[in-house]
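Just follow the structure's listing: the first ligand is 1, and inside any ligand the first atom is 1. FYI, the numbering just counts along the sequence from 1.
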Amino acid sequence: MTARHDLLRLDDVHRGYGEGEARVVALDGVSLAVAPGELVAVMGASGAGKSTLLHVSGGLDVPDRGAVTVDGLDLGGLDRTRLAAVRRRAVGYVFQDLNLVSTLTLAENVALPLELDGLRRGPAREQAVAALTEVGVQAGADRFPDEVSGGQRQRAAIARALVGPRRLLLADEPTGALDSVTGEDVMAVLRGRVDAGAGGLLVTHDPRTAAWADRVVFLRDGRLVDSTAPTTDAAAFLGLAPAVDAEP
Ligand code: ADP
Ligand code: MG
């Protein structure tokens, strides 16, 4: 293992669901690497396999075939306990549906992964409040998810992904419920973490969000079909601007 290994490597990853006629191939031979300091955006139509790509990258789902390596560790070689530890310590995950615990305050939600990892309540709360401050929702720290706005819930979910020493950040539409100004603020926070040495994989439909990435990969029917610089190509892919140099 080298000192500056990729934070994420997928090698020929396949994942399908169901059997026979009902079989759906969600990932069909995907290879991808994310280096420290690199933010990669994933775009593609609904059902293309974007969420499955994030799930297998974070050890939440297991590929049928192919290898997933997180921060130098081959996830296929880990038992359940060690896989859970990697998920808590190395991977920060922002889910499409947020997954905040409704009976915990925002600060308690953010502190949860740290406490699960054995940190005492006081220091865990301190780090949680610092992470909430970083995304601008410190005022909501002691409120419950249903007492704050959708945008504040989303930012709390991002704080939970950023808290602690996580080096691989996986985000499924992290700016989906945010207005454009708040979305830009959240992307600035994610970008800052990546610039500080994390690696990021970000699913988005929004070309302005994708423009924060170093490169964009496009998924179609479970295959990576293209990899480009952000902004204009992303806009062209989404039909928002004419493609300048599209291949036939
Ligand atoms: P996206 O996030 O790009 O919309 P997904 O990764 O959620 O795509 O899904 C890719 C394909 O796999 C879709 O056809 C979806 O219906 C199917 N799929 C995803 N998860 C499951 C599952 N747990 N069981 C059955 N089919 C699934
Ligand atoms: Mg999805």
Identify the protein heavy atom lying closest to atom 12 (O) of ligand 1, giving its residue, its atom name and the separation to 0.1 Å. Ala26 CB, 3.5 Å

For atom 7 (O) of ligand 1, what is the closest protein heavy atom, and at what distance to 0.1 Å? Ser51 CB, 3.7 Å

Testing the basics here: between Gly16 and Asp64, what is the closest heavy-atom pair and its distance to 0.1 Å? N-OD2, 2.7 Å

With a 4.0 Å cut-off on heavy atoms, is Gly49 in contact with ligand 1? yes

Non-hydrogen atom of Gly18 closer than 4.0 Å to ligand 1: no

Heavy-atom distances under 4.0 Å decide this one: backbone, side chain, both or neither, for Thr52 against ligand 1? both

More than 12 heavy atoms from other groups under 6.0 Å of CZ on Arg23: yes

Residues, nucleotides or ligands: over 12 heavy atoms within 6.0 Å of Arg88 CZ: yes

Look at the side-chain heavy atoms of Ile, Leu, Val, Met, Phe, Trp and Tyr, link any pair under 4.5 Å apart, and say whether Val91 and Leu73 land in one connected group. yes

Give me the nearest non-hydrogen protein atom to atom 25 (C) of ligand 1 as residue plus atom name, then the distance to 0.1 Å. Tyr17 CB, 3.3 Å

Would Ala45 count as a contact residue for ligand 1, given that I'm defining contact as a non-hydrogen atom of the residue lying under 4.0 Å from a ligand atom? yes

What residue and heavy atom of the protein are closest to atom 15 (C) of ligand 1, and at what distance? Val24 CG1, 4.6 Å

Could you check atom 4 (O) of ligand 1 against the protein and tell me its nearest heavy-atom contact, residue, atom and distance included? Gly47 N, 2.7 Å

Are Val137 and Val129 connected in the hydrophobic side-chain network, where two residues link if heavy atoms are under 4.5 Å apart? no

Taking every non-hydrogen atom, the tightest pair across Arg87 and Gly58: CG-O, 3.2 Å

Strictly below 4.0 Å, N to O, side chains only: are Arg191 and Asp214 in salt-bridge contact? yes

Under 2.8 Å from the Mg ion (ligand 2), is there any N, O or S atom belonging to Ser51? yes

